[in-house]
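Just so it is clear, the structure is predicted and the values come from calculations on it, not from any experiment. So that the names make sense, note that chain A is the first sequence line, chain B the second, and so on, each numbered from 1.
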Protein chains: 2
Amino acid sequence: MSSSVQRKRIRKDPAARRAEIVAAAAAVALAEGLECVTLRRIAEELAVRPGLISHYFPSAEDLVAEAFGSAATGELDRLLPAEHGELDRPLPAEHAVPDRPLPAERAALTPTGRLARFLARTSGEEYDAISRLWINARHLSRYRSVLRDRVARQEAAWRGRLEGVIRDGVEAGEFATEDPTAVAVQLLVVLDGLGVHANTATPERPAAVLRMPLTTAERELGLRPGTLDEAAG
Amino acid sequence: MSSSVQRKRIRKDPAARRAEIVAAAAAVALAEGLECVTLRRIAEELAVRPGLISHYFPSAEDLVAEAFGSAATGELDRLLPAEHGELDRPLPAEHAVPDRPLPAERAALTPTGRLARFLARTSGEEYDAISRLWINARHLSRYRSVLRDRVARQEAAWRGRLEGVIRDGVEAGEFATEDPTAVAVQLLVVLDGLGVHANTATPERPAAVLRMPLTTAERELGLRPGTLDEAAG
DNA sequence: TTGCTTATTGGTCGCACACTCAATAGCATC
DNA sequence: GATGCTATTGAGTGTGCGACCAATAAGCAA
């Protein structure tokens, strides 16, 4: 029998195959965790033999790091899209930023609107998957040095993106702060702190706790309380 | 040769042996991570055969959960010792709290002093190991349900202990808050948020970020800024 | 001292993992 | 249609894991 197994080989362009592998690995990482990114698992996902994955990633650790980097970059772009022309990475690029002009309605958002939308999105249940990924990566970083470096780069990317929005807001006169970097880091600390519970079904948390990101942002940026709720619609 | 291997069997009281196993597992969990708590590893630690560990813990998952519970309880007692007679766990006891009277100098500390000391200790580098353990447990909870329950119980224990100090302070007129629970959770969120970096060597962080726990506590408890620094000595 | 309970051993099984490498076959090029 | 490059396979290695179980011996009680 052995009916449904694919018999015919499909020979692809190395670059395309590699991208395909990374995409599959990123999807598995996001949905099931970085420890599920194994040669066998990704090979099965793509209906190829494990040896092929080894061929593109001689060390499995590199694939895991790449999967995390790809997934995290994708999620950041979804949560807080970069404005056209925005320079948000002082470090070597993690990924090529698509250089096409962004849709008009995005470019039209004010810094307050962008920040409000980001904070709204990081409160939803959809954000749990991303929280899980970060916890996963931060823990696995303990043992895998390649991943550790990737995590550091992603941290810088997320902080840089958020910092950019804050700077835009200061420039536009919407925000008031002396140290955009410190505010960005403080916000990320709060979001990380709230996100660690993503794997453990936490009972209802006090409203003051759920509002921490908004409260922190409004306090540190000199916004009237409630501003960000209203801006989020 | 096979010189140094232990030949003679040592037969111990089951309760004592079990305690020994848990202690060894907790030490390994704290120092090397929960995934290093394996039958073979703990057996080697105690110079016994792996089968013996299986005998006491038919499911390895139970041992891992027990190791985390033991380590976390021990660290909480070290960071924020329970006052004599303090009732800090509404849930079934995670561990028997030693009922002996505490040293005089500890019992003499005011709530402000206890809180200040706790926050000082959670800032030191010694706290990194505990942060690592929490990240580890929170991530592994994704896959291990027994551990997940233990994490929930420990969260409750830590929150309860902190909440107790806050209530004492309110009662003593040192703190002012309407909702001690919310304050306790907010503090833990900030500490968790700062702790997630324990595995990734983070560059210097802005002073405002490092002071977040103190700032949060002082703000939420109606303390004059600087109070907790001074109380910590 | 003898005997009995049971804590402890030693060995085995099956599984999943990363990694290696010679053999094979797709496909672009001629 | 034939040829050559190389992407892809298939098979095998070694490691570490949890789980299982019959045999053994430690140490207490009779």
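Nucleic acid contact class of B:T38 (heavy atoms, under 4.0 Å, all strands): sugar-phosphate only. Residue-level contact check: B:P58 touches the backbone only, with heavy atoms under 4.0 Å from sugar-phosphate atoms and none from bases. The residue A:F57 sits apart from the nucleic acid: no heavy atom pair falls under 4.0 Å.
Of the listed nucleotides (C:dC17, C:dA7, D:dC5), C:dC17 has the atom at the smallest distance from the side chain of A:R40. With C:dT9, D:dG18, D:dA26 as the choices, the nucleotide that has an atom nearest any side-chain atom of B:K8 turns out to be D:dA26. The side chain of B:R9 lies closest to C:dA7 when the candidates are D:dG27, D:dT8, C:dA7. In this structure, of C:dA7, C:dA25, C:dC27, it is C:dC27 that holds the atom nearest to the side chain of A:I10. Distance from the side chain of A:R11 is smallest to D:dA7 among D:dA7, D:dA25, D:dA19. Nearest to the side-chain atoms of A:S59 among the listed nucleotides C:dC19, C:dT8, D:dG18 stands C:dC19.
For the pair A:L34 CG and C:dA18 P, the computed distance is 13 Å after rounding to whole Å. In this structure, the NE2 atom of B:H55 is 15 Å from the C1' atom of D:dA25, given to the nearest Å. The nearest whole Å value for the distance from the CZ atom in A:R49 to the P atom in C:dA22 is 20 Å. The CG atom of B:L52 sits 16 Å away from the P atom of D:dC20 (whole-angstrom rounding). Separating the CG atom of A:D13 from the C1' atom of C:dG26 is a distance of 14 Å, rounded to the nearest angstrom. Between the CD atom of A:E44 and the P atom of C:dA16 there is a distance of 11 Å, given to the nearest Å. Nucleotide C:dC27 holds its C1' atom 14 Å from the CZ atom of A:R17, rounded to whole Å. Atom pair A:L39:CG and D:dT9:P shows a separation of 13 Å (rounding to whole Å applied).
The 5' end of DNA chain D is approached more closely, in terms of each residue's nearest nucleotide, by B:R41 than by the other of B:R41 and B:P50.
Side-chain polar atoms of B:Q186 and B:T216 form no donor-acceptor pair below 3.5 angstrom.
A:Y143 pairs by the ring pair (Phe, Tyr, Trp, His ring centres under 6.0 Å) definition with A:H139, not counting sequence neighbours.
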Query raised in the report: ring pair (Phe, Tyr, Trp, His ring centres under 6.0 Å) between A:Y127 and A:W134: does it pass, once the steps are laid out?
Result: CA-CA 11 Å; A:Y127 188 62; A:W134 275 101; 9.5 Å; no
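Look at B:R161 and B:D77 and you find a salt bridge, because one of the NZ, NE, NH1 or NH2 atoms lies within 4.0 Å of a carboxylate O, short of that distance.
The structure places CD of B:E61 at 11.0 Å from CG of B:L63, a figure rounded to the nearest 0.5 Å.
Of the side-chain N and O atoms in B:Y56, none sit less than 4.0 angstrom from OP1 or OP2 of C:dA7.
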